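Below: the structure, in structure tokens.
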Protein chains: 2
Amino acid sequence: MKITETGIKTALRQHGYKLTRQRLSVINAVISSKDSLTPADLYNRLNRHYPDIGLATVYRTLRLLDEMGLLCKLHTSSDCNSCTIGAPDRHHHLICSGCGKVIDFSCRSMAEFETSLAKETGFEIKDHLLEFTGYCQSCRIDHMQS
Amino acid sequence: MKITETGIKTALRQHGYKLTRQRLSVINAVISSKDSLTPADLYNRLNRHYPDIGLATVYRTLRLLDEMGLLCKLHTSSDCNSCTIGAPDRHHHLICSGCGKVIDFSCRSMAEFETSLAKETGFEIKDHLLEFTGYCQSCRIDHMQS
DNA sequence: TATCTAATTGATAATCCTTTTCAATTAGAT
DNA sequence: ATCTAATTGAAAAGGATTATCAATTAGATA
Ligand SMILES: [Mn+2]
Ligand SMILES: [Mn+2]
Ligand SMILES: [Zn+2]
Ligand SMILES: [Zn+2]
């Protein structure tokens, strides 16, 4: 399920939130980025073309997306605050260490592992967090050469 | 490979760091806790019995452990700054949502999944982050009753 | 379309959380 | 026992996030 700008607008309306110029610009910036962005990243990008955007509004909009379940938070070794737009269904991330590109994938083969682990440890497993990092197809070449 | 206080003392000496009263008390607090602790958690616990410990020293000691590869950082939904003492070999975490207990486990069944994902996406996978959350054996009962 | 009102905004201040600074202390070598 | 560089705690500085508040505005209403 791919999330579009239209979809987010609908979600905002359904939740009774107004469609302001500022919100839409933040949302567009998150949507149109292939890699993940921190609040500061977003603020800086927006600031170029829209000098009057407030940092607080960036934070507020991100929180809104999060509340509506449309935000994916990433946890790399260097930072736990960057995010992408994310489908509401459970999925995981493939993150390129070269260019930062984020690819979503669903968890299939995780189920058996989860079951056997639950049996071994007595845990009742409710959730999991899984992220692979490495080099995407295009960064792979650069990475080999250096 | 279980990490003991003696092991950490050896590591400190090998790295040329001094075995101070403060460092050892921080290390002991991390070792003796079943669940994960934030820097502030540690500071508060230590402060009771050792009122003169400085918060900066807690941070400094944690960084030292991290540098020596003896610190495991956890990423729960509520916080990305808590840690436990961790084996230097690659492993993952089972975190109880009830009591916070952390159980380490090694990644076996991950390999095939990783391979097929690499083939599908063209990624050269270098690392991954995996955490299961749920309820441990003892918290399981409480959780069912409520 | 003009009016109204509660939601939203940006600037600023206030709160964290973490690191840096620095003079005083101290672990461990001699 | 003496020495010295590493370490310490307190306080200041820095960075990130949140709260405050008067001014603005989206969208409902007439
Ligand atoms: Mn995602
Ligand atoms: Mn661990
Ligand atoms: Zn994290
Ligand atoms: Zn890449």
Side-chain angles (χ1 to χ4, degrees), chain A residues 5-6 8-30 36-68 71 73-83, chain B residues 5-6 8-30 36-68 71 73-83:
Chain A
E5 189 185 350
T6 318
I8 297 180
K9 281 183 182 170
T10 305
L12 283 173
R13 268 188 284 258
Q14 281 175 346
H15 285 80
Y17 296 125
K18 294 183 176 173
L19 279 67
T20 67
R21 201 162 20 102
Q22 293 92 331
R23 272 178 189 162
L24 295 178
S25 70
V26 172
I27 287 165
N28 252 304
V30 183
S36 62
L37 299 171
T38 62
D41 288 340
L42 276 168
Y43 177 67
N44 292 330
R45 287 195 189 191
L46 289 168
N47 224 10
R48 289 183 215 144
H49 299 290
Y50 185 0
D52 279 351
I53 188 93
L55 178 58
T57 296
V58 173
Y59 277 99
R60 287 190 277 238
T61 305
L62 289 177
R63 184 192 303 186
L64 230 59
L65 290 171
D66 193 27
E67 278 173 18
M68 300 190 299
L71 199 71
K73 294 172 189 163
L74 273 66
H75 303 261
T76 68
S77 55
S78 57
D79 137 66
C80 288
N81 302 302
S82 60
C83 60
Chain B
E5 191 188 348
T6 318
I8 297 181
K9 281 183 183 171
T10 305
L12 284 172
R13 267 189 285 256
Q14 281 175 347
H15 284 80
Y17 296 126
K18 293 183 177 175
L19 279 67
T20 68
R21 204 162 19 103
Q22 293 93 331
R23 273 179 189 160
L24 295 178
S25 71
V26 172
I27 286 166
N28 251 305
V30 182
S36 62
L37 300 171
T38 62
D41 289 339
L42 276 168
Y43 177 68
N44 292 329
R45 289 197 187 190
L46 290 168
N47 225 12
R48 288 183 215 143
H49 299 290
Y50 185 1
D52 280 351
I53 188 94
L55 178 58
T57 297
V58 174
Y59 277 99
R60 288 190 275 238
T61 305
L62 290 176
R63 183 194 300 186
L64 230 57
L65 290 171
D66 193 26
E67 279 173 15
M68 299 190 300
L71 199 73
K73 294 171 189 163
L74 274 65
H75 304 261
T76 68
S77 55
S78 57
D79 134 67
C80 287
N81 302 300
S82 60
C83 60

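Residue numbers start from 1 in every chain, and the chains themselves are labelled A, B, ... in the order their sequence lines are given, proteins ahead of strands. No experiment lies behind these values; they were computed from the predicted model shown.
When the nucleotides dT18(C), dG10(C), dT8(D) are ranked by their closest atom to the side chain of Q22(B), dT8(D) comes out on top. For R63(B), the side-chain atoms get nearest to dT19(C) when compared with the rest of dT19(C), dT8(C), dG10(C). Counting only heavy atoms from C-beta on, K18(A) has its side chain closest to dG27(D) among dT17(D), dG27(D), dA27(C). Listed nucleotides dG28(C), dG10(C), dT8(D) differ in distance to T20(B); the shortest reach to its side chain belongs to dT8(D). The side chain of T57(B) has dT8(D) as its nearest neighbour among dA27(C), dT18(D), dT8(D).
Residue order along DNA chain D, read from the 5' end via each residue's closest nucleotide, puts T61(B) first among Y59(A) and T61(B). Nearest-nucleotide assignment on DNA chain C puts the 5′-proximal partner with R60(B), out of L19(B) and R60(B).
For R13(A) against dG27(D), no side-chain N or O and base N or O form a donor-acceptor pair under 3.5 Å.
Looking only at distances, no side-chain donor or acceptor of N47(A) sits under 3.5 Å from a matching main-chain atom of Y43(A). A donor-acceptor pair is defined here as one N or O able to donate and one able to accept, closer than 3.5 Å; no such pair exists between the side chain of N28(B) and the backbone of S25(B).
Across the strands present, dT8(C) finds its partner in dA23(D); the criterion is a Watson-Crick or G-U wobble pair with both atom distances under 3.5 angstrom. Across all strands shown, dT2(D) is found opposite dA29(C) as a Watson-Crick or G-U wobble partner, with both distances under 3.5 Å. For dC16(C), the paired nucleotide is dG15(D), the pair qualifying as Watson-Crick or G-U wobble because both relevant distances are below 3.5 Å.
Rounded to whole angstrom, the span from the CG atom of L24(B) across to the C1' atom of dA6(D) amounts to 15 Å. As rounded to whole Å, 12 Å separates atom P of dG27(D) from atom CZ of R21(A). Here dG27(D) presents its P atom at 15 Å from CD of Q14(A), a figure rounded to the nearest Å. Atom CG in D41(B) sits about 11 Å away from atom P in dT18(C), given to the nearest Å. For the pair N47(B) CG and dA10(D) P, the interatomic distance rounds to 9 Å; values are reported in whole Å. Distance N44(A) CG to dA16(D) P: 10 Å, rounded to the nearest Å. At whole-Å resolution of the value, CZ in R23(B) and C1' in dA27(C) are 10 Å apart. Remark: P of dT18(C) and CG of L62(B) are 10 Å apart, rounded to the nearest angstrom.
Look at E67(B) and R63(B) and you find no salt bridge, because none of the NZ, NE, NH1 or NH2 atoms lies under 4.0 Å from a carboxylate O.
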Under the side-chain contact (heavy atoms from CB on, under 4.5 Å) criterion, do M68(B) and Q14(B) qualify, and how do the steps go? CA-CA 10 Å; M68(B) 299 190 300; Q14(B) 281 175 347; over 6 Å; no
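For the atom pair Y50(A) OH and D52(A) CG, the distance stands at 7.0 Å (nearest 0.5 Å).
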